[in-house]
Amino acid sequence: MDKFFQKFPFIDNVLKGVGQIMLQENRWTGLLFIIGIFLGSWQGGVAVLLSTAVGTFTAMKLKYDKAEIDAGLYGFSAALVGVALAFVFQATILIWILIIIGSALASVIQHFFIKRKIPVFTFPFIIVTWVCIFVLHHFTQIPPSDMLAAPAGNVDYDDFLTCTNGFGEVIFQGGVLSGIIFFLAVFINSPAAALYGFAGSVLGAYLSHINGESIDKIHMGLFGFNAVLSAITFSGFKKKDGIWVLVAVVITVAIDDFLVDNNVLDIVGGVLTFPFVVGTWITLLIQKLFVKH
């Protein structure tokens with residue numbers, strides 16, 4: 001298989017770009033993510049392939065660093081833009097056009113921060129998606145997608161599935177099978193990241209429950225996916241890694257619950273992965289202050 005990917009490096013870059021959604025530079029992780037998304041909807045599957053390809057192609061045409069492209073760093077924010085727009089809106093021609101434009105723009109914004117060595121994670125996805133959702137909601141009549149319009153029902157209250165649902169919601173997938181596949185996809189590349197992510201989802205659900213959040217939304221993973229990403233970011237094999245995971249998850253969940261409770265970002269489509277990004281920035285800042293002392 002290595003020879004195949006050497007012959008078709010663009011496919012390898014796209015797969016790694018999808019894998020980088022959960023900070024995994026692994027083609028097989030990316031492939032499993034794509035399978036899990038297709039299980040949720042074919043539109044989402046096509047959107048993630050198209051958007052990641054566009055983001056990667058944009059980076060190549062603009063002659064960004066080859067090593068960064070090969071690592072998938074210009075694919076993951078673009079991938080999330082595609083999945084988000086396909087999840088929120090019905091797949092009209094305008095939506096597909098915006099997926100292409102938004103993915104290219106996400107790649108450019110990602111490069112702006114990478115060149116300045118600023119760890120922005122999924123922030124380019126957040127910016128592009130917020131703008132697109134705001135504009136589409138206020139200036140078009142495009143109806144919501146079937147997935148978004150469908151009433152929440154048959155929520156599984158199994159504690160294990162609640163935590164794997166946290167993995168699924170990172171890429172807008174509410175299906176039980178997709179969540180399990182995403183967990184396994186991370187596990188094959190980094191068992192530590194997967195297990196810390198699972199623990200982050202557990203803690204996120206527990207803290208949100210204590211805070212009085214909707215039990216249905218908790219079990220759907222809506223209060224766990226940002227915690228999953230924060231936990232994966234700081235995962236490792238040292239004892240201090242566990243401490244930083246705990247700090248990051250607690251801060252992320254606190255930000256998440258506050259924003260949701262106060263409807264702060266409803267006008268632009270919700271919190272997305274913003275709590276993860278801000279929670280991780282704060283934790284990195286605390287790390288720097290801690291190391292200096």
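- Across all non-hydrogen atoms, the minimal contact from Ser51 to Ala79 is OG-CA, 3.3 Å.
- Lys66 pairs by the salt bridge (Lys or Arg N to Asp or Glu O under 4.0 Å) definition with Asp70, not counting sequence neighbours.
- Checked by atom type and distance alone, the side chain of Asn226 pairs as donor or acceptor with a backbone atom of Leu272 at under 3.5 Å.
- At a threshold of 4.5 Å between non-hydrogen side-chain atoms, the residues Ile251 and Ile286 count as touching.
- Considering CG of Leu94 and OG1 of Thr140, their distance stands at 6.5 Å, rounded to 0.5 Å.
- Considering only heavy atoms from C-beta on, Asp146 comes within 4.5 Å of Gln90 through its side chain.
- In terms of modelled atom types and a separation under 3.5 Å, the side chain of Thr56 and the main chain of Val14 share no donor-acceptor contact.
- Not counting sequence neighbours, Trp42 has no partner by the ring pair (Phe, Tyr, Trp, His ring centres under 6.0 Å) test.
- Under the side chain to side chain contact (heavy atoms under 4.5 Å, CB included) criterion, Ala71 pairs with Gln20, Glu25, Leu73, not counting sequence neighbours.
- Thr164 OG1 to Glu169 CD: the interatomic distance, rounded to the nearest 0.5 Å, is 10.5 Å.
- One distance of note links CD1 of Ile21 with CG of Leu229; it measures 9.5 Å at 0.5 Å rounding.
- When all heavy atoms of Thr280 and Ser230 are compared, the pair lying nearest together is OG1-OG, 3.7 Å.
- Between the CZ atom in Phe89 and the CD1 atom in Ile95 there is a gap of 5.5 Å [rounded to 0.5 Å].
- Ion pair Asp2/Lys7 not flagged as a salt bridge, since none of the NZ, NE, NH1 or NH2 atoms sits closer than 4.0 Å to an Asp/Glu carboxylate oxygen.
- Legend: residues meeting ring pair (Phe, Tyr, Trp, His ring centres under 6.0 Å) with Phe172, ordered by chain and number and at least two apart, are Phe87.
- Side-chain atoms of Ser235 come within 3.5 Å of backbone N or O of Ile232 as a donor-acceptor pair.
- No donor-acceptor distance shorter than 3.5 angstrom exists from the side chain of Asp256 to the backbone of Thr252, with no hydrogens or angles considered.
- From Phe10, atom CZ reaches atom CD1 of Ile69 across 10.0 Å, with rounding to the nearest 0.5 Å.
- Side-chain contact between Leu98 and Leu136 is present, with at least one heavy-atom pair separated by less than 4.5 Å.
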- [ ] Go through the steps to decide whether Phe274 and Val278 satisfy the test side chain to side chain contact (heavy atoms under 4.5 Å, CB included), and finish with yes or no.
- [x] CA-CA 6 Å; Phe274 186 67; Val278 177; 3.4 Å; yes

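- If you take NZ on Lys217 and CZ on Phe223, they are separated by 6.5 Å, rounding to the nearest 0.5 Å.
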request  = List the steps and the verdict of side chain to side chain contact (heavy atoms under 4.5 Å, CB included) for Val271 and Ile255.
outcome  = CA-CA 10 Å; Val271 300; Ile255 294 170; over 6 Å; no

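- When all heavy atoms of Ile37 and Gly45 are compared, the closest pair comes out as CG2-N, 3.5 Å.
- Asn211 places no side-chain N or O within 3.5 Å of a backbone atom of Leu207 that could act as its donor or acceptor partner.
- The backbone N or O of His219 sits less than 3.5 Å from a side-chain atom of Asn165, completing a donor-acceptor pair.
- Residues Val228 and Gly197 share a closest heavy-atom pair of CG2-O, 3.5 Å.
- Ile243 has its side chain out of reach of Phe234: every pair of non-hydrogen atoms, C-beta onward, lies at least 4.5 Å apart.
- You'll find the side chain of Glu213 stays beyond 4.5 Å of the side chain of Leu222, heavy atoms only.
- The two residues Val83 and Gly44 come nearest to each other via the heavy atoms CG2-O, 4.2 Å.
- Remark: the backbone N or O of Gly270 is paired with a side-chain donor or acceptor of Trp130 at under 3.5 angstrom.
- Residues passing the side chain to side chain contact (heavy atoms under 4.5 Å, CB included) test with Ala104 are Val54, Thr58, sequence neighbours excluded.
- With contacts defined as side-chain heavy-atom distances shorter than 4.5 Å, the pair His209/Ile215 qualifies.
- When side chains are defined from C-beta on, Ile11 counts as touching Phe4, because their heavy atoms get closer than 4.5 Å.
- Linking ILVMFWY residues whenever their side-chain heavy atoms come closer than 4.5 Å, directly or via other members, places Ile210 and Val202 in the same cluster.
- Between Val253 and Ala227 the shortest heavy-atom distance is CG2-CB, 4.1 Å.
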I'd like a table of donor-acceptor pairs (distance under 3.5 Å, sequence neighbours excluded) in which one partner is a side-chain atom from residues 173-196, with atom names and distances.
| unit_1 | atom_1 | unit_2 | atom_2 | d |
| --- | --- | --- | --- | --- |
| Gln173 | NE2 | Ile171 | O | 3.0 |
| Ser178 | OG | Gly36 | O | 2.7 |
| Asn189 | OD1 | Asn26 | ND2 | 2.9 |
| Asn189 | ND2 | Gln24 | OE1 | 2.6 |
| Ser190 | OG | Ala193 | N | 3.1 |
| Tyr196 | OH | Gly242 | N | 3.4 |

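- Applying the side chain to side chain donor-acceptor pair (under 3.5 Å) criterion to Gln43, with sequence neighbours excluded, gives no partner residue.
- Other residues sharing a hydrophobic cluster with Ile101 under the 4.5 Å side-chain heavy-atom criterion for ILVMFWY residues are Ile93, Ile97.
- Ser77 meets the side chain to side chain donor-acceptor pair (under 3.5 Å) test with Gln110; sequence neighbours excluded.
- Judged by distance alone, the side chain of Asp65 and the main-chain N or O of Ala67 form a donor-acceptor pair under 3.5 Å.
- Phe76 places none of its side-chain heavy atoms less than 4.5 Å from the side chain of Val18.
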message: Show, in sequence, the C-alpha distance, side-chain angles and deciding distance for Phe167 and Phe198, and conclude whether the ring-ring contact (aromatic ring centres under 6.0 Å, His included) test is met.
response: CA-CA 8 Å; Phe167 276 82; Phe198 189 87; 7.1 Å; no

Going through the distances and angles, do Ser107 and Phe57 end up as a side chain to side chain contact (heavy atoms under 4.5 Å, CB included)? CA-CA 9 Å; Ser107 181; Phe57 182 75; over 6 Å; no

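- Partners of Asp257 under the salt bridge (Lys or Arg N to Asp or Glu O under 4.0 Å) rule, at least two apart in sequence or in another chain, do not exist in this structure.
- Residue-environment remark: OH (Tyr206) stays at or below the threshold of 12 foreign heavy atoms within 6.0 Å.
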Show me the donor-acceptor pairs within less than 3.5 Å that the side chains of residues 112-129 make with the rest of the protein, sequence neighbours left out.
| unit_1 | atom_1 | unit_2 | atom_2 | d |
| --- | --- | --- | --- | --- |
| Arg116 | NH1 | Phe112 | O | 2.8 |
| Thr122 | OG1 | Thr273 | OG1 | 2.7 |
| Thr129 | OG1 | Phe125 | O | 2.7 |

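- Taking Thr52 as the reference, nothing meets the side chain to side chain donor-acceptor pair (under 3.5 Å) condition, with sequence neighbours excluded.
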